[in-house]
Amino acid sequence: MTISTVIAFMSMFLVFVMSGPIVVEGRAFFVFGDSLVDSGNNNYLVTTARADSPPYGIDFPTRRPTGRFSNGLNIPDLISEAIGNEEPPLPYLSPELRGRSLLNGANFASAGIGILNDTGFQFINIIRMYQQLDYFQQYQQRVSRLIGKPQTQRLVSQALVLITVGGNDFVNNYFLFPYSARSRQFTLPDYVRLLISEYKKILLRLNSLGVGRVLVTGAGPLGCAPAELARSGTSNGRCSAELQRAASLYDPQLLQMINELNKKIGRNVFIAANTNQMQEDFLSTPRRYGFVTSKVACCGQGPYNGMGLCTVLSNLCPNRELYVFWDAFHPTEKANRMIVRHILTGTTKYMNPMNLSSALAL
């Protein structure tokens, strides 16, 4: 062996020892869905569904907008924090998502999307559910090149998945116009059945991609958002009856579908979070939870601050801790923290078949 060969061999050995093999640490976290869980994918798209300008992010650690539809942290951030991850998963479209950061997981969510492909058409360029799942498949190929296919399959099977989708199918589709195409095509009960049927296909596709634990959130109190109070023109602050009826039809059928899927698979892959019930508590009695209002948004304009977008020209409350809603549709960080607390430790009133802490301990 020549001296140059020895030197080359020793150099390669030192590089290997110093860098070490790539080891998967912690629990990867994957996020799918809409603006409630989007952490900035839409920043990289030509779309009107964006949260990349002030005052969004006013209470985020950097005090800058990130693409999260929140004054601060959103639900994926808080779940990441709770399961012990140092950082929440980066948006899949972020150029920073490469190398070791891929092993932390990825956020595929995109504001404006729904279960149906025609939901959110007005936002132009968004990552619809089928594309999010295609990206997840692409993600696995990228990680396989980094750590190998067996390790990638292990990472995915042991990961936690969060999916939040469905609200826009009502707000930005069925009820978007007085006589929308979907409302002319379907009665509300039939439309709900369509959504559940299509959602089932999405969850089955997720399962086929190797995931082991999926947290599925319900529609939430759709009719109680400041945007809907402003739209209905109510002066008494009552939630929109038609949207509340939609949620009351949708959530039980979603739970039934999830239970059937778990039974078919033979284990509890899917966990249902009743976000409608979680929020009902502090929507009906906000002062008990330290809020001054559950009707008026912190940032916005018009009745209930529920009209238009949250911008630098909007009314802005000085203390976000006192408001349930940050903007016309999205909760404040404080409200998100309460939702996540229920997800982690809630009883069967909120979580089925178990809460997230119990699921992750299995």
Side-chain angles (χ1 to χ4, degrees), residues 19-34 37-45 67 74-77 79-80 83-111 113 115 117 125-165 198-217 258 261-262 264-271 356 359-360 362:
S19 63
I22 295 177
V23 179
V24 179
E25 297 177 358
R27 186 187 295 272
F29 185 27
F30 301 104
V31 182
F32 300 86
D34 56 28
V37 292
D38 184 355
S39 294
N41 277 309
N42 281 20
N43 292 358
Y44 304 96
L45 302 172
N74 64 8
I75 287 173
D77 296 322
I79 290 177
S80 289
I83 64 175
N85 289 358
E86 289 186 11
E87 299 287 341
L90 289 168
Y92 188 68
L93 298 185
S94 169
E96 296 177 23
L97 186 67
R98 62 184 186 275
R100 287 176 180 267
S101 65
L102 283 163
L103 306 183
N104 193 40
N107 187 319
F108 303 91
S110 177
I113 67 102
I115 296 166
N117 286 337
N125 188 21
I126 48 182
I127 312 171
R128 303 188 185 282
M129 275 310 313
Y130 72 91
Q131 182 66 64
Q132 291 186 28
L133 296 173
D134 286 349
Y135 277 152
F136 185 40
Q137 208 163 359
Q138 185 185 89
Y139 163 89
Q140 293 191 40
Q141 293 165 359
R142 291 173 64 188
V143 175
S144 291
R145 291 194 290 270
L146 194 66
I147 60 174
K149 192 170 182 180
Q151 269 280 77
T152 299
Q153 289 173 336
R154 184 167 175 268
L155 178 146
V156 169
S157 67
Q158 294 182 350
L160 172 64
V161 177
L162 168 66
I163 182 165
T164 296
V165 67
E198 292 301 310
Y199 204 171
K200 183 177 181 179
K201 295 174 187 175
I202 291 167
L203 296 181
L204 284 170
R205 172 100 188 273
L206 257 180
N207 184 59
S208 74
L209 291 172
V211 299
R213 189 73 68 195
V214 183
L215 177 64
V216 185
T217 64
I258 285 172
L261 279 181
N262 285 336
K264 180 180 178 181
I265 295 166
R267 57 194 177 90
N268 293 323
V269 172
F270 301 101
I271 302 168
L356 186 55
L360 295 179
L362 294 176

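Throughout, residue positions are numbered sequentially from 1 according to the sequence presented. All values derive from a computational prediction rather than experimental measurement.
- Taking both residues in full, the closest heavy atoms of Gln131 and Ile127 are given as CG-CG2, 3.5 Å, listed atom of the first, atom of the second, then distance.
- Contact detail for Ser101 and Glu96: the closest heavy-atom pair is OG-O, 3.1 Å.
- Contact annotation: the side chain of Leu360 approaches that of Ile83 to within less than 4.5 Å [non-hydrogen atoms, C-beta and beyond].
- Panel note: side chain Asn268, backbone Asn262; no donor-acceptor pair is recorded below 3.5 Å.
- Between Ile79 and Leu356, some side-chain heavy-atom pair lies under the 4.5 Å cut-off.
- In this structure, CG in Leu146 is found 5.5 Å from CG in Leu103, a value given to the nearest 0.5 Å.
- Within 6.0 Å of CD on Glu87 lie no more than 12 heavy atoms contributed by other residues, nucleotides or ligands.
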Residue pair Asn42, Ser110: steps toward the side chain to side chain donor-acceptor pair (under 3.5 Å) verdict:
CA-CA 6 Å; Asn42 281 20; Ser110 177; 2.6 Å; yes

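- Once rounded to the nearest 0.5 Å, the distance linking CG of Asn104 with CG of Asn85 reads 5.0 Å.
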Given Val161 and Phe32, is the side chain to side chain contact (heavy atoms under 4.5 Å, CB included) satisfied, shown in steps?
CA-CA 8 Å; Val161 177; Phe32 300 86; 3.7 Å; yes

Pair Asp134-Arg205, salt bridge (charged side-chain N to carboxylate O under 4.0 Å, His left out): steps then yes or no:
CA-CA 10 Å; Asp134 286 349; Arg205 172 100 188 273; 3.0 Å; yes

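- Residue Leu162 holds its CG atom at 5.0 Å from CG of Leu215, rounded to the nearest 0.5 Å.
- Contact check for Ile163 versus Leu203: side-chain heavy atoms found under the 4.5 Å cut-off.
- When all heavy atoms of Ala109 and Asn107 are compared, the closest pair comes out as N-OD1, 2.9 Å.
- In this structure, the separation between CE on Met129 and CD1 on Ile202 is 5.0 Å, given to the nearest 0.5 Å.
- When all heavy atoms are compared, the tightest approach of Arg267 to Gly212 is NH1-O, 3.8 Å.
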Verdict with supporting geometry, Gln140 and Gln137, side chain to side chain contact (heavy atoms under 4.5 Å, CB included)
CA-CA 5 Å; Gln140 293 191 40; Gln137 208 163 359; 5.9 Å; no

Candidate pair Val211 and Val156, rule side chain to side chain contact (heavy atoms under 4.5 Å, CB included), full reasoning:
CA-CA 5 Å; Val211 299; Val156 169; 4.0 Å; yes

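- The CG atom of Leu133 lies 13.5 Å from the NZ atom of Lys201; values are rounded to the nearest 0.5 Å.
- Looking at Ser39, its side chain never comes within 3.5 Å of a backbone N or O of Pro89 through a donor-acceptor pair.
- Paired with Val214 under the rule side chain to side chain contact (heavy atoms under 4.5 Å, CB included), one option of Leu160, Leu261, Leu206 passes, and it is Leu206.
- Between the OH atom in Tyr92 and the OH atom in Tyr139 there is a gap of 9.0 Å [rounded to 0.5 Å].
- The shortest side-chain heavy-atom distance between Tyr44 and Ser94 falls under the 4.5 Å cut-off.
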Does Ile113 form a side chain to side chain contact (heavy atoms under 4.5 Å, CB included) with Gln132? I'd like the steps, not just the answer.
CA-CA 10 Å; Ile113 67 102; Gln132 291 186 28; 3.7 Å; yes

